Amino acid sequence: MKKYLFAATMLAAAVSSPAFADGNNRNTDEETFTLRAMNPAKCNLSASDYTLSIGGNQISDNGGFARTTVSSDVAATMNGAGVNAWCTGASNTLQMYRTAFVTDTGNQGTDLFNRAVVYDVEMSIAGATRSDGFTPIEGTRDGEGNGPGIGIGGGLTVGRFGPTTANAAVTFTADGTSNAASNGGLAGTQARTVFTPNTNRLIAGEYISLLTIELTPGV
């Protein structure tokens with residue numbers, strides 16, 4: 001009888017007492033976890049206005065011929081547009097390209113009047129540098145598909161810029177003179193060398209040019 005009583009007592013003790021496999025659990029237990037997050041590279045480009053008229057609102061002189069100062073007029077107008085940008089990545093790509101100022105088809109007609117004026121501008125961004133150190137950092141003269149990180153500039157990048165809420169100011173300068181082109185519509189956004197210069201007068205009308213800047217973020 002004593003034997004059975006002893007066994008019952010041991011069983012009851014086992015049920016009522018918690019088991020401590022790890023003696024540290026009776027004190028503070030501390031574990032440190034490593035948390036990871038990724039912040040992708042980002043870029044932003046903005047301006048106070050996106051529909052602009054160049055100073056004087058005319059691209060021909062008193063004789064009706066294309067003015068040679070349109071590149072300077074475009075640069076001044078863009079500088080007045082309050083263009084600014086920022087990029088958080090260290091290896092960003094950039095390109096800027098334009099169409100000529102064109103009216104109608106943009107190509108010289110059978111009347112022999114021109115319908116296009118081609119110009120070129122360059123851009124700089126405060127605090128931004130190209131990996132080859134060249135300034136300005138990009139221009140329109142080489143047309144679409146070229147720039148730091150693109151086309152003939154494929155091995156280059158632009159570093160990060162614009163760390164504050166003020167962003168980085170983008171400034172523009174003229175890259176040479178402007179001239180009439182007989183194939184302004186056909187040349188599109190291509191390099192200056194694709195446009196065919198012509199000295200005939202410009203036909204009257206409204207002339208439109210599209211200037212595009214592309215920033216692509218890269219880590």
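These figures come from a predicted structure and were not determined experimentally. Side-chain atoms are counted along with the backbone in the values below, which use heavy atoms only and exclude waters and symmetry mates.
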message: Is there a path of hydrophobic side-chain contacts, each under 4.5 Å between heavy atoms, that joins Ile150 and Ile213?
response: no
- request: Go through the steps to decide whether Asn39 and Thr88 satisfy the test side chain to side chain donor-acceptor pair (under 3.5 Å), and finish with yes or no.
  value: CA-CA 9 Å; Asn39 183 39; Thr88 62; 5.1 Å; no
- prompt: What about Leu186 and Ile203, same hydrophobic cluster or not, with Ile/Leu/Val/Met/Phe/Trp/Tyr joined at side-chain heavy-atom distances under 4.5 Å?
  reply: no
message: If you compare all heavy atoms of Leu52 against all heavy atoms of Ala81, which two are closest, and at what distance to 0.1 Å?
response: CD1-CB, 4.0 Å
message: When you group the ILVMFWY residues by side-chain heavy-atom contacts below 4.5 Å and let the links chain together, are Val170 and Phe134 in the same group?
response: no
- prompt: Would a 4.5 Å heavy-atom cut-off, applied to side chains only, mark Tyr97 and Arg141 as touching?
  reply: no
message: Between Asp120 and Arg192, does any NZ, NE, NH1 or NH2 come within less than 4.0 Å of an OD or OE carboxylate oxygen?
response: yes
- prompt: Can you find a heavy atom in the side chain of Thr212 that is under 4.5 Å from one in the side chain of Thr189?
  reply: no
query: Is there a path of hydrophobic side-chain contacts, each under 4.5 Å between heavy atoms of I, L, V, M, F, W or Y residues, that connects Leu94 with Leu156?
result: no
message: Would you say CG of Asp111 has more than 12 non-hydrogen atoms from neighbouring residues, nucleotides or ligands within 6.0 angstrom?
response: yes
task: Given side chain to side chain donor-acceptor pair (under 3.5 Å), test Gln108 with Asn183 step by step and report yes or no.
output: CA-CA 7 Å; Gln108 189 183 80; Asn183 64 335; over 6 Å; no
- prompt: Does some side-chain heavy atom of Met123 sit less than 4.5 Å from a side-chain heavy atom of Pro136?
  reply: no
query: Out of curiosity, Phe161 CZ to Trp86 CH2, how far, rounded to the nearest 0.5 Å?
result: 9.5 Å
Test applied, ring-ring contact (aromatic ring centres under 6.0 Å, His included); reference residue, Phe101; option that passes from Tyr207, Tyr119, Phe195: Tyr119
message: Looking at Phe113, I want to see if its CZ is surrounded by more than 12 non-hydrogen atoms of other residues, nucleotides or ligands under 6.0 Å.
response: no
query: Under a 4.5 Å cut-off applied to non-hydrogen side-chain atoms, are Arg67 and Ile59 in contact?
result: no
task: Locate the shortest heavy-atom distance separating Gly151 from Asn146; write the atom from each residue and the value.
output: CA-OD1, 3.5 Å
task: State yes or no: do Ile137 and Val121 share one hydrophobic cluster built from I, L, V, M, F, W and Y residues joined by side-chain heavy-atom distances below 4.5 Å, directly or via other members?
output: yes
